[in-house]
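Heads up: the structure comes next, in structure tokens.
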Number of protein chains: 2
Amino acid sequence: MANGAAAAKTGGSSEAKLPTEFDDAVMWATWLYYADQLTQSEIAKQLNVSRATIVNLLQEAREREIVSIRISPQAFGRTAVARALMDKFGLDGAFVIPSGEEQSLVDRLGDAGARVLAEQIEDGDTVGVAWGRTVLAVANQISLPRPVRNVTVVQVSGSSTGEPEFSAELCTSLLSNRIHARCVNLLAPAVLSTRELKAMLLAEPVLKKQFELIHSTDRILFGVGDIGARSTVRVSGIASKAEIDTYVEQGAVAVIIGRFIDTHGRPIGGDHDDRMVGITLDELKQVKSRICVAGGSTKTAAITATLEAGYATHFVTDMATGEALLSV
Amino acid sequence: MANGAAAAKTGGSSEAKLPTEFDDAVMWATWLYYADQLTQSEIAKQLNVSRATIVNLLQEAREREIVSIRISPQAFGRTAVARALMDKFGLDGAFVIPSGEEQSLVDRLGDAGARVLAEQIEDGDTVGVAWGRTVLAVANQISLPRPVRNVTVVQVSGSSTGEPEFSAELCTSLLSNRIHARCVNLLAPAVLSTRELKAMLLAEPVLKKQFELIHSTDRILFGVGDIGARSTVRVSGIASKAEIDTYVEQGAVAVIIGRFIDTHGRPIGGDHDDRMVGITLDELKQVKSRICVAGGSTKTAAITATLEAGYATHFVTDMATGEALLSV
DNA sequence: CTTGTGTCTTGACATCTGTCATTGCCTGTT
DNA sequence: AACAGGCAATGACAGATGTCAAGACACAAG
């Protein structure tokens with residue numbers, strides 16, 4: 001009767017000065033439900049409250065992530081399509097989620113990507129973050145099972161004024177915030193008007209330091225953009241329509257972290273490319289763990305180019321896209 | 001309709017040579033249920049099977065630990081009783097589970113201890129394991145969320161022929177087996193007949209090496225035994241009734257890893273103690289992370305002695321025991 | 001003292017989930 | 001070809017869970 005849970009409610013007036021963050025009842029219910037496998041009714045009887053209250057307590061436990069459900073990426077790597085993708089593109093890992101409505105795909109991939117990334121992050125890591133709708137979806141949904149220490153999240157390409165809702169700064173700071181890591185935003189525009197200015201800017205001590213961090217990145221998270229009419233690159237503002245058209249003339253089929261590549265994944269250089277501030281594709285390949293999250297029927301060619309050139313070590317996609325990639 | 005799941009069932013006869021470990025359906029259901037939060041009926045409709053089948057798939061996913069539910073030890077450390085215990089005994093962490101029937105206590109504590117230990121183990125760790133009913137319960141229920149590499153589990157005290165169901169070897173090998181770690185059993189009896197023999201044995205290269213491992217242990221798991229009539233120490237065979245009585249005369253109230261301590265946690269030496277093979281209490285204190293799992297109304301004094309002397313850094317118990325410890 | 005406002009709790013209902021005996025299919029055997 | 005044995009899939013039922021509107025309570029303002 002007069003058990004710990006009851007005591008927790010009011011918590012004797014003697015030393016109830018602490019932030020009263022002490023809802024022991026939540027833990028109590030959590031343990032009995034998830035560890036001891038009692039039913040909600042049994043727990044309700046024990047705590048002398050209604051079952052509905054237990055439902056609420058358990059909901060709170062899930063919201064506050066006192067309990068969390070982990071889905072093994074290893075197991076997903078043993079899926080037929082995942083195996084085939086790993087084979088075909090020489091990946092270290094692949095994670096293929098069921099396909100649903102194309103509309104919610106970005107969010108669902110974000111969830112999957114978040115789980116894959118969360119699983120990898122360790123104490124002391126430096127994590128590079130690109131930008132884009134998909135990357136934002138990952139940032140939005142990531143949460144680490146256990147707290148990590150001394151993790152740094154670093155923005156790997158400059159900031160553009162044009163990107164509306166999924167800017168590089170937002171992706172980086174949101175992700176770092178959600179995992180309680182240090183956040184390093186790249187204090188430079190994505191594209192400068194002249195190479196000279198870019199060179200001068202990169203010579204600045206602040207930026208030098210930031211680029212050192214970028215080059216020492218342990219893991220990097222990025223998406224893949226296509227070149228279609230409604231593609232991210234066309235609304236992001238990192239390149240004008242004319243500039244994009246020039247790239248396309250030179251065979252561009254995809255954009256990774258702001259850089260354009262052709263069918264074989266070869267970087268397409270040029271003046272505009274030289275004026276961009278951010279990690280280069282050669283530098284990208286130096287990163288140990290490169291997590292690419294991408295999907296959607298319009299992106300097949302773009303993703304194929306990305307994966308064939310070995311830009312990713314880990315790839316997250318949905319079934320439909322995965323099968324499309326395999327049938328090429 | 002003709003989606004991936006359907007294809008997985010028979011898997012085109014062309015390349016179905018692999019071990020057919022490919023139950024994609026399990027992953028498919030797992031993801032839709034746990035990540036996308038669809039109901040079982042919705043998933044059943046998608047896969048064109050009955051809902052009962054989905055239930056089975058999900059059950060398999062849980063059994064094969066494709067999904068696992070994690071309960072945050074941090075959150076449990078914020079419980080009122082846990083905080084008080086940490087305060088009173090200067091612990092780094094405390095985990096207090098709800099009290100249930102005294103009969104199932106050992107198993108429930110084992111579950112809790114397993115979660116606490118599992119949370120701590122990292123790549124490259126050496127984990128010391130004592131023995132006892134409670135330690136066995138931990139070993140029996142532990143499972144790591146993600147695979148770890150290069151972990152060694154080492155038995156920290158000699159083997160006794162008398163221990164029936166919870167021998168040191170069993171505890172060690174079971175635990176190491178469950179987490180897929182290297183297992184090092186201590187190849188020596190728990191007690192030798194003379195100090196000389198013990199000295200000679202310890203001079204053996206094999207044992208020297210094993211003791212080096214014991215001294216480099218990162219974490220150690222142990223229980224607390226009391227001295228009562230039906231206590232573990234009296235059935236374990238590590239000491240005769242007369243020897244135990246001698247210890248008791250000298251003020252023994254508890255046994256940790258085979259060593260006897262008094263009310264203040266001071267080791268009680270003597271001839272028998274000198275003849276024992278295993279980690280000493282001084283050496284125990286050198287270990288960074290020392291996880292003690294213990295509970296039960298008969299053990300209050302024993303646990304108090306253990307904790308007050310600082311033998312543990314992390315303590316796992318149940319509510320009733322926790323409150324008893326605080327009221328002393 | 002009354003009223004208002006927000007939070008927490010509850011009971012009843014609709015839905016979702018687990019169980020289990022039964023069915024149907026495949027495989028290997030006679 | 002017929003048959004038995006093993007195994008996964010199924011439908012129907014009992015029980016567990018989530019939802020929601022209504023109620024209880026505490027506290028602040030009038």
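Below, chain A is the first sequence line, B the second, and so on; all start at residue 1.
- A straight line from CD1 of B:Ile54 to C1' of C:dG18 spans 14 Å, rounded to a whole angstrom.
- Residue A:Asn56 contributes atom CG, which lies 15 Å from atom C1' of D:dA24 at whole-angstrom precision.
- For A:Thr39, the side-chain atoms get nearest to D:dA16 when compared with the rest of C:dT17, D:dG18, D:dA16.
- Regarding contacts with the backbone of C:dT19, a side-chain N or O of B:Gln59 is found under 4.0 angstrom from either OP1 or OP2.
- Test B:His180, B:Glu65, B:Arg115 against B:Ser143 for side chain to side chain donor-acceptor pair (under 3.5 Å) and you get one pass: B:Glu65.
- Look at NZ on B:Lys45: it is 17 Å from C1' on D:dG11, rounded to the nearest Å.
- Rounded to a whole Å, the CG atom of B:Asn48 is 13 Å from the C1' atom of D:dA9.
- The phosphate of D:dT10 has OP1 or OP2 within less than 4.0 Å of a side-chain N or O from B:Thr53.
- At least one side-chain nitrogen or oxygen of B:Gln40 sits closer than 4.0 Å to the OP1 or OP2 atom of C:dG18.
- Between A:Arg108 and B:Asp36 a salt bridge is recorded (basic side-chain N to carboxylate O distance below 4.0 Å).
- Looking at the side chain of A:Ala52, the nearest of the listed nucleotides D:dG18, D:dT19, D:dA16 is D:dT19.
- With sequence neighbours excluded, no residue forms a side-chain hydrogen bond (donor to acceptor under 3.5 Å, both in side chains) with A:Thr313.
- If you take CG of B:Leu38 and C1' of C:dT15, they are 15 Å apart, rounded to a whole angstrom.
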Next item on the list: List the steps, then state whether ring pair (Phe, Tyr, Trp, His ring centres under 6.0 Å) holds for A:Trp31 with B:Phe95.
Entry: CA-CA 11 Å; A:Trp31 184 264; B:Phe95 197 104; 5.5 Å; yes
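- Put simply, A:Tyr33 has a side-chain N or O that comes within less than 4.0 Å of OP1 or OP2 on D:dT17.
- Per the geometry, CG belonging to A:Leu57 stands 11 Å off C1' belonging to C:dC8, to the nearest Å.
- Using a 4.0 Å cut-off between a side-chain N of Lys or Arg and a carboxylate O of Asp or Glu, A:Asp87 and A:Arg83 do not qualify as a salt bridge.
- Note: CZ (B:Arg51) to C1' (C:dT15) measures 11 Å, nearest angstrom.
- Protein atom CG of B:Leu32 is 15 Å distant from nucleotide atom P of C:dC16, rounded to whole Å.
- Among the nucleotides D:dG18, C:dT10, C:dG18, the one closest to any side-chain atom of B:Val55 is C:dG18.
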